[in-house]
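Read through the structure below, which is laid out as C-alpha cells, and then see the notes.
Just so we're clear, the structure is a prediction, and the values are computed from it rather than from any experiment.
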Amino acid sequence: MRRKKQLQIGQSDFRNMMKANGYFVDKTLYIKELIDSGYHVLLMPRPRRFGKSLNLSMLKYYFDYQEKDTQALFESFKIWQEDEYYKQE
C-alpha cells in the first residue's frame with residue numbers, strides 16, 4: 001500500500017522530504033541548467049519561503065558522492081531521464 005503524500009511545511013532537507021513522501025515540485029532539471037551554465041559564481045536571490053534551502057539541499061545530495069544511497073532519491077525525477085546528468089557509479 002502506498003503511503004499518502006504529505007505537505008511538508010518548513011522542510012528544507014531534500015532526503016527527509018523524500019523519505020516522508022512529501023510533495024515536491026520537480027526542480028531537478030535545475031541541476032542540468034547549473035552544470036551547463038559555466039558560471040563561476042551564482043547568486044540565487046528569491047523571496048522568503050521560495051525553496052532556496054530545499055534547492056541547495058537537493059544540490060548537496062546530487063553532488064555528494066560520499067553520502068550513501070542518494071542516487072535513489074533522484075530516480076523518479078526528470079534529471080534521471082537525462083543520461084549524461086544522472087549519477088553513474
**Request:** For F63 and I31, run side-chain contact (heavy atoms from CB on, under 4.5 Å): C-alpha distance rounded to whole Å, both residues' side-chain angles, the deciding distance at 0.1 Å, then the answer.
**Result:** CA-CA 10 Å; F63 288 110; I31 296 167; 4.1 Å; yes
**Request:** Would you indicate whether D36, at its atom CG, is surrounded by more than 12 heavy atoms from other residues, nucleotides or ligands within a distance under 6.0 Å?
**Result:** yes
**Request:** Output the distance between atom CD (Q11) and atom CG (N16), rounded to the nearest 0.5 Å.
**Result:** 5.0 Å
**Prompt:** Say you draw a straight line from CD of E75 to CH2 of W80; how long is it, rounded to the nearest 0.5 Å?
**Reply:** 5.0 Å
**Message:** Could you measure the distance from the OG atom of S76 to the CD atom of Q81? Nearest 0.5 Å is fine.
**Reply:** 10.0 Å
**Asked** Side chains of D13 and Y61: does their closest heavy-atom pair fall under 4.5 Å?
**Response** yes
**Item:** Flag side-chain contact, heavy atom, 4.5 Å: N55 against R46
**Value:** no
**Message:** Which heavy atom of K78 sits nearest to which heavy atom of D26, and what is that distance?
**Reply:** N-OD2, 2.9 Å
**Prompt:** Any sub-3.5 Å donor-acceptor pair from E82's side-chain atoms to E84's backbone N or O?
**Reply:** no
**Message:** For F24 together with F14, are the ring centres under 6.0 Å from each other?
**Reply:** yes
**Request:** Supply the atom-to-atom distance L34 CG to Y39 OH, rounded to the nearest 0.5 angstrom.
**Result:** 9.0 Å
**Item:** Flag if over 12 foreign heavy atoms under 6.0 Å of CD1, I9
**Value:** no
**Asked** Are any non-hydrogen side-chain atoms of F74 and M18 less than 4.5 angstrom apart?
**Response** no
**Prompt:** Q8 and G22: which non-hydrogen atoms are nearest, and at how many Å?
**Reply:** CG-CA, 3.6 Å
**Item:** hydrophobic_cluster_shared for F50 and L56, side chain cutoff 4.5 Å
**Value:** no
**Atom NZ of K27: over 12 foreign heavy atoms under 6.0 Å** = yes
**Request:** To the nearest 0.5 angstrom, please state how far the CD atom of E33 sits from the CG atom of L42.
**Result:** 9.0 Å
**Value rounded to 0.5 Å, distance of OH in Y30 from CD1 in I79** = 12.5 Å
**Prompt:** Do the side chain of K4 and the main chain of N21 share a donor and acceptor less than 3.5 angstrom apart?
**Reply:** no
**Request:** For residues S57 and S12, report the shortest heavy-atom separation together with the two atoms involved.
**Result:** CB-O, 3.4 Å
